[in-house]
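Have a look at the structure below before the remarks.
In the text below, chain A, chain B and the rest are named by the order of the sequence lines, each starting its count at 1. As the structure is a computational prediction, the values presented were derived from the model and not from experiment.
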Amino acid sequence: MAEYNFRDIEKKWQRYWAENNIYKTENTSHKKKFYALDMFPYPSGAGLHVGHPLGYIASDIVSRYKRLKGFNVLHPMGFDSFGLPAEQYAIQTGQHPAITTEQNIKRYKEQLKNIGFSYDWSREVQTHQPDYYRWTQWIFMQLFDNWYNNDSDKAEHIDTLISQFEQSGNDEVNAVCDEDTPEFIADQWNEWNEEEKLKVLLHYRLTFPSEAVVNWCPALGTVLANDEIKDGVSERGGHAVERKKMKQWMMRITAYADRLLKNLEHLDWSEPMKDMQTNWIGKSYGCELQFALSPLNSPSPKEKRPGGEAKTLTAFTTRPDTIYGVTFMVMAPEHEWVNELTTSEQKAEVIAYVEAAKNRSERERQTDVKSVSGVFTGSYAINPFNNEPIPIWVADYVLAGYGTGVVMAVPSSDNRDYRFAKHFDLPVTLVIEGSEQLDDPTELKHGKMFNSGILNGLNSDEAIQKAIQHAEENGFGTSKVNFRMRDAVFSRQRYWGEPVPAYFKGDIPYLVDEKDLPLELPSVDKYKPTKTGDPPLGRAANWTYNGYPLELTTMPGWAASSWYFLRYMDADNESAFADKNITDYWGQVDLYLGGTEHATGHLLYSRFWNMFLYDRGLISHDEPFKKLINQGMIQGVSSFVYRVVFSGDDKTMPEVFLSKGIVDRITKSNLTRAEQDIIEKILKNELGGFNEKHNTSWSVENVMEQKIIPMHIDIGMVKNDILDVGAFKAWRPEYKEAIIIPEADKNYLCGSEVEKMSKSKYNVVNPDEIIERYGADTLRLYEMFLGPLEQFKPWNTNGIDGVFKFLRKVWNLFHKENGEFYVSDTEPAKEELKVLHRTIKKAQEDIERYSFNTSVSEFMICLNDLTALKCNKAAILEPLVVILSPYAPHITEELWHKLGHVTSITQAEFPGYNEAYLVEAEHEYPVSVNGKMRAKLKFPLDMPKEDIEKQVLEDQVIQKWLDGKPPKKVIVVPKKIVNVVV
RNA sequence: GCGGAUGUGGCGAAAUUGGUAGACGCACUAGACUUAGGAUCUAGCGGAGCGAUCCAUGGGGGUUCGAGUCCCUCCAUCCGCACCA
């Protein structure tokens, strides 16, 4: 048999592609463009595992396919190279993070090149390089110099705002700004000095420094974004996170909340992904209602509050229709009026509660959502609809950061309010008809209102409208839209990130001059925070600008990744982040591939920045990613051994490992007497030796009394769940003398579990191993064959032989025993052409709908058919090689050249299929009676329905099933089925 | 709690608008060639039955001549958000 020597073939073509710049893409072309993009990786020290290339292979297939279809394809790759792991390594070793980062990048690139991707490496970006982050800093500066005008509904340069201030103050300015922005008139503005003016402008800038409550992670010494936290601990490392007030740079992403939401409609993204972003933005319609305050400690509405001023408490609600059901109000413990509204009698209790709430970490608050707690302030507010007094409480189920931090509690329709009312024995007023019949009235959300004054008889939706209208007319409420999304914190107390190009004169931030970009990372002696708690940049000597101190925090990870897709278009540009003509040519990313984990991080921030650049006329599309596909994660299959854990800290304890079967039976306590004897015998034996050597006196009883815990071990030591005991004992010095208790058949059985692939779980499968053994083409085909792209699936190599065999058979069909290439020049038979055109059609349709697994199957069927026909004709092979090339570029390139084509396959054309070969003159119809298949009959395709019906009814088999009865009707579906209805 | 997804042989999975369920591959069984090779080829492979045939797409119900596919309901698993008023 001829040898399919994938190693030589793959090396040969990878070199050829590189030397001849086969995949270099031009920025101008008469061809239509196609932009296929992968989410660029963070180059971690562990290298690529088999999960990473899944999406890369899919996008590479699409890229190669599109090239063959005559598109000018942009298919780049780069590295998101600022990040925490490199920094932590730097802290431990003192080595500059750039060194590790660049080593890792080198390794990643080697691995990527081995798989045979068709990237244009001349466009590579590395976000930690000054020539890249120079533009990240530049975009930051643009954001600083812009404000959001609600009237034009876009970002505008700050100068337009200043000129409005000069003419008419900020009364008529409709901008997105801070809540505490002062009101002023033109005269005031014009009298202010520069410092005062700049201070006011900070309320409007799209990026600005601010005192913000942030997620501070003491263990990492940095601030984390909400999406970097999972279950109250940091996503990386699982360290505790606490709430802390700190000076931070912020990004006014909330200005874009509405557009980020609305644009989702037009994006070709999966529904779950859109839902995730929709929920994250969390738009809710409702109104703010003002509740006048009663005099302290008095439920009477009549008297005026001491001090005269009629203060009101504002609450946000989505259900103003239930206003007559309000029986109390609740403020967040952090609310600024808590003190003021607390009566002297309640003071002690309230202060204690607020203190306790403050000290409760976010984590505790989150995990403990069930328990009800709160305290009465002693004050009352007035329901503006019926002038009833309502007691004001403080409770931590109300969040300070959402709405106004005050809730009008309607225990009859909100479950949390209901539980609160039950717990503190507060009244419940029903307002929706039918809720009186329920144990829990809050289960009925909508219906006809009653007990509700002016809203009586209306249904909920009408009542909401009426209530808002009533409140607006009487001046105690306005309709209001609320968002769950907050402004994004843009500061990290780290070294390994982009320096923020801003310096301070006193409190006022100024931008560095554009000509001084990039503002390069300074060198520091250590990568830790300073003794005074400043970020690492505080260690840099002369970290100043014109004598003023520069910002010490660096940018978060999402800064660089929010615009890298634009840099690929024009990666070497030194005078702009990218040339407008070029970004106009490439436009949107036509296909973006990456994981779901970026739904509320990267994919939201990059839409925000892109939209901002669009507003400023710097690019021509307001959405960066037209089509998004989320490839599923490839999980690892971890192996476990079961370790007996001795209580206490005795250094002389033996290491004992029990086989899985034994553990299972011990935990179910149905170990048979015989089995127990065997275990005890082995243990006794082994322990004897151990005791003798270490002069200890462990007994079988000692061991059997201990806890057993599963422990991850390297999957390389396990085959078919059976442990290689020798390898295990050699794995770690402490296991050299381990006592291994196997099953009755002398094998030690390991447990297994499907988990995320990670170094710490010892379950990482490296693609290099697969390539070494089967070749890159097999790896590519196999990853696609594994199942639907978007699905999560554990890695297993069980089926990889089938894919490898397929490639070898392709090879063998066109080679003699001695390895000589041979194809026949004879005209292909009709049957052979049919096989070919069916495959072209299927493969094309499958790629177009991103169903790569089915197209691999189609290739296999094609090969089986050709083998059966003994077809090795050049006229069949040539188009076949082209359609297979996106999947297995190396072997097909080799065959292409053997056919005598001198150029690379990239310049070939994807062949069209010919319907004529697919249409059969006769079609075999399954014939069913009442839906059950009973016979197969052949009819010419153009035979009229009536004739088919007639012949079907005359058929003996069908007559048998009709059993003499005449049929009610006959349904003929062309090219599908004939169904006789009795 | 809210939102979303998935459920088909021993396994990974096909079935594009309702139309022969299980394509293709793995594993397994038998045979051939060879003869101690993890090679290749041929055949079989959801369950029951000698068979015609019957039963099978998480469970139950419905629409239809016909349902893996559409509707209702329940169950299980996974993911996202989580006291958002």
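- In this structure, the CE atom of A:Met276 is 12 Å from the P atom of B:G4, given to the nearest Å.
- Between B:G7 and B:U69, the two P atoms lie 11 Å apart (nearest whole Å).
- Between the side chains of A:Asp417 and A:Tyr397, a donor-acceptor pair is found at a separation under 3.5 Å.
- Distances from the side chain of A:Ile977 to the nucleotides B:G19, B:A85, B:A39 place B:G19 closest.
- Considering only the side chain of A:Tyr402, B:A85 comes nearest among B:A85, B:U16, B:U53.
- Across all strands shown, B:G7 pairs with B:C75; the Watson-Crick or G-U wobble distances both stay below 3.5 Å.
- In this structure, A:Lys809 reaches the sugar-phosphate backbone alone: every heavy-atom distance under 4.0 Å involves primed, P, OP1 or OP2 atoms, never a base.
- Here, B:A85 and B:C79 have their P atoms 25 Å apart, quoted to the whole Å.
- Between A:Arg484 and A:Lys283 the shortest side-chain heavy-atom distance does not fall below 4.5 Å.
- Salt bridge annotation for A:Lys938-A:Glu924: absent, with no cationic side-chain nitrogen under 4.0 angstrom from a carboxylate oxygen.
- Within the 4.0 angstrom heavy-atom criterion, only backbone atoms of the sugar-phosphate kind lie near A:Asn853; the bases stay farther away.
- In this structure B:U17 sits in no base pair that meets the Watson-Crick or G-U test at under 3.5 Å.
- Set against B:U40, B:A85, B:U20, the side chain of A:Phe316 has B:A85 as its closest nucleotide.
- B:A67 and B:U77 are spaced 24 Å apart, taking the C1' atom of each and rounding to whole Å.
- In terms of position along RNA chain B, the nucleotide closest to A:Lys936 lies nearer the 5' end than the nucleotide closest to the other residue of the pair A:Thr317 and A:Lys936.
- The phosphate of B:G4 (OP1 or OP2) has no side-chain N or O of A:Asn279 nearer than 4.0 angstrom.
- Between the CG atom of A:Asn930 and the C1' atom of B:U64 there is a distance of 11 Å, given to the nearest Å.
- Taking atom C1' on both nucleotides, B:G46 is separated from B:A27 by 15 Å, rounded to a whole Å.
- B:U20 sits 10 Å from B:G68 when the P atoms are compared, rounded to a whole Å.
- Between the P atom of B:A85 and the CH2 atom of A:Trp393 lies a distance of 23 Å, rounded to the nearest Å.
- Between A:Phe792 atom CZ and B:U77 atom P there is a gap of 18 Å when expressed in whole angstrom units.
- Among the nucleotides B:G25, B:A15, B:A23, the one closest to any side-chain atom of A:Arg849 is B:A15.
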Could you walk me through whether A:Ser284 and A:Tyr402 pass side chain to side chain donor-acceptor pair (under 3.5 Å), step by step?
CA-CA 11 Å; A:Ser284 57; A:Tyr402 185 78; 2.9 Å; yes
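- Heavy atoms of A:Asn864 sit under 4.0 angstrom from primed sugar atoms or phosphate atoms, though from no base atom.
- Applying the Watson-Crick and G-U wobble criteria (two distances, each under 3.5 Å), B:C81 pairs with B:G1.
- As judged by a 4.0 angstrom heavy-atom cut-off over every strand, A:Asp275 is placed among residues touching the sugar-phosphate backbone only.
- With B:C24, B:C26, B:C83 as the candidates, the nucleotide lying closest to the side chain of A:Ile861 is B:C24.
- A salt bridge is absent between A:Lys950 and A:Glu946: the closest approach of a Lys/Arg side-chain nitrogen to an acidic carboxylate oxygen does not fall below 4.0 angstrom.
- If you check B:A85, B:G4, B:G38 against the side chain of A:Leu399, the one that comes closest is B:A85.
- Atom CG in A:Leu789 sits about 15 Å away from atom C1' in B:A13, given to the nearest Å.
- Taking the six-membered ring for Trp and the full ring otherwise, the centers of A:Phe476 and A:Phe385 sit less than 6.0 Å from each other.
- With the nearest nucleotide of RNA chain B identified for both A:Leu786 and A:Lys969, A:Leu786 has the one nearer the 5' end.
- Distances from the side chain of A:Thr854 to the nucleotides B:A15, B:A39, B:G19 place B:A15 closest.
- Rounded to a whole Å, the CZ atom of A:Phe852 is 17 Å from the C1' atom of B:A14.
- Of the possible donor and acceptor atoms, one in the side chain of A:Asn383 sits under 3.5 Å from a partner among the backbone N and O of A:Ile323.
- Atom CG in A:Asn482 sits about 8 Å away from atom P in B:A85, given to the nearest Å.
- Side-chain proximity of A:Lys976 to B:G3, B:G25, B:G19: nearest is B:G19.
- Here A:Lys805 reaches the OP1 or OP2 of B:C26: one of its side-chain N or O atoms lies under 4.0 Å away.
- Side-chain to base pairing of A:Lys932 with B:U20: no donor and acceptor N or O lie closer than 3.5 Å to each other.
- Straight-line distance between the C1' atoms of B:U53 and B:G59: roughly 27 Å, to the nearest whole Å.
- For the 3.5 Å distance criterion, the side chains of A:Glu753 and A:Ser638 fail to qualify, holding no donor opposite an acceptor.
- Among the atoms of the strands shown, only primed sugar atoms or phosphate atoms (P, OP1, OP2) are found under 4.0 Å from some heavy atom of A:Met860.
- Atom NZ in A:Lys960 sits about 7 Å away from atom C1' in B:A52, given to the nearest Å.
- Nucleic acid contact for A:Gln791: sugar-phosphate only, since backbone atoms but no base atoms lie under 4.0 Å from a heavy atom of the residue.
- Rounded to whole Å, the separation between the P atoms of B:G18 and B:C54 comes to 26 Å.
- Taking the P atom of each, B:G25 and B:U42 are spaced 11 Å apart, rounded to whole Å.
- Across all strands shown, B:C33 remains unpaired; no Watson-Crick or G-U wobble contact has both distances below 3.5 Å.
- Comparing B:G38, B:G19, B:U53 against the side chain of A:Arg773 picks out B:G38 as the nearest.
- Proximity note for A:Arg484 (side chain, C-beta onward) versus B:G19, B:C24, B:C81: the nearest is B:C81.
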